[in-house]
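Just so it is clear, the values below take in all heavy atoms, side chains as well, and ignore hydrogens, waters and symmetry mates. Index from 1, following the sequence.
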Amino acid sequence: MAYDESLADRVRELISVRADVSERKMFGGIGFMIAGNMSVGVIGEELIVRLDPEDAQKSMKEDGVREFDFTGRPMKGWIFIAPERTSDDTGVSEWVEAGADYAASLPAK
């Protein structure tokens with residue numbers, strides 16, 4: 001599965017101001033790590049975001065946000081963000097910051 005390279009470039013630009021950022025191809029898309037902890041990624045046209053599981057659950061009440069169930073099994077703390085929520089820079093920025101903040105709060109790997 002290809003991923004939206006334009007969205008990945010926007011994520012890359014936002015997350016690159018953080019320390020210890022790396023990228024990995026995964027799930028047929030691309031993931032961005034902070035200190036070895038996955039924070040955000042792009043699969044197809046959707047942004048994926050890792051949050052505290054409680055925050056992720058609350059976020060799923062918002063339009064355009066759904067559970068990350070890529071493998072058919074939901075992953076706690078992970079959400080998909082629909083393209084309409086990332087069509088402008090503010091939309092992308094808020095989710096990238098949330099995922100990056102959570103990943104940065106975890107012990108380095």
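W95 is not listed as a side-chain neighbour of V40, based on a closest heavy-atom distance of 4.5 Å or more. Contact annotation: the side chain of F68 never approaches that of I79 to less than 4.5 Å [non-hydrogen atoms, C-beta and beyond]. Looking at F32 and R12, their side chains come closer than 4.5 Å, going by heavy atoms from C-beta outward. No side-chain heavy atom of R24 sits under 4.5 Å from any side-chain heavy atom of M38.
The structure places CD1 of I30 at 4.0 Å from CD of E23, a figure rounded to the nearest 0.5 Å. To the nearest 0.5 Å, atom CG of residue D55 and atom CE of residue M60 are 11.0 Å apart. Note that CG of D20 is 12.5 Å distant from NZ of K109, once rounded to the nearest 0.5 Å. Interatomic distance, D9 CG to S16 OG, rounded to the nearest 0.5 Å: 11.0 Å.
Using modelled atom types, one side-chain atom of N37 and one backbone atom of P107 make a donor-acceptor pair closer than 3.5 Å. A donor-acceptor pair under 3.5 Å links the side-chain atoms of R10 to the main chain of D88, judged by distance alone. A donor-acceptor contact shorter than 3.5 Å is absent between the side chain of S39 and the backbone of A103.
With R85 as the fixed residue, the salt bridge (charged side-chain N to carboxylate O under 4.0 Å, His left out) test singles out one of E62, E46, E45: E62.
Under a hydrophobic clustering in which Ile, Leu, Val, Met, Phe, Trp and Tyr are joined whenever their side-chain heavy atoms come within less than 4.5 Å, directly or via other members, L14 and Y3 fall into the same cluster. Neither Y102 nor M33 shares a network with the other; the hydrophobic side chains, linked directly or stepwise wherever heavy atoms of I, L, V, M, F, W or Y lie under 4.5 Å apart, form separate groups for each. A single hydrophobic cluster is seen to contain both L7 and V49, as judged by linkage of ILVMFWY side chains at heavy-atom distances under 4.5 Å, directly or through other members. Under a hydrophobic-cluster definition in which Ile, Leu, Val, Met, Phe, Trp and Tyr are linked whenever side-chain heavy atoms come within less than 4.5 Å, directly or via other members, L106 and I15 are assigned to different clusters.
In E84, the CD atom is crowded: over 12 heavy atoms of neighbouring residues, nucleotides or ligands sit closer than 6.0 Å. Around the CD atom of E13, the shell of radius 6.0 Å holds no more than 12 heavy atoms that belong to other residues, nucleotides or ligands.
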Could you walk me through whether I48 and I81 pass side-chain contact (heavy atoms from CB on, under 4.5 Å), step by step? CA-CA 6 Å; I48 57 171; I81 310 300; over 6 Å; no
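With salt bridges taken as basic N to acidic carboxylate O contacts below 4.0 Å, one links E97 and R18.
Listed here is the closest heavy atom pair of L51 and A98: CD2-CB, 3.7 Å.
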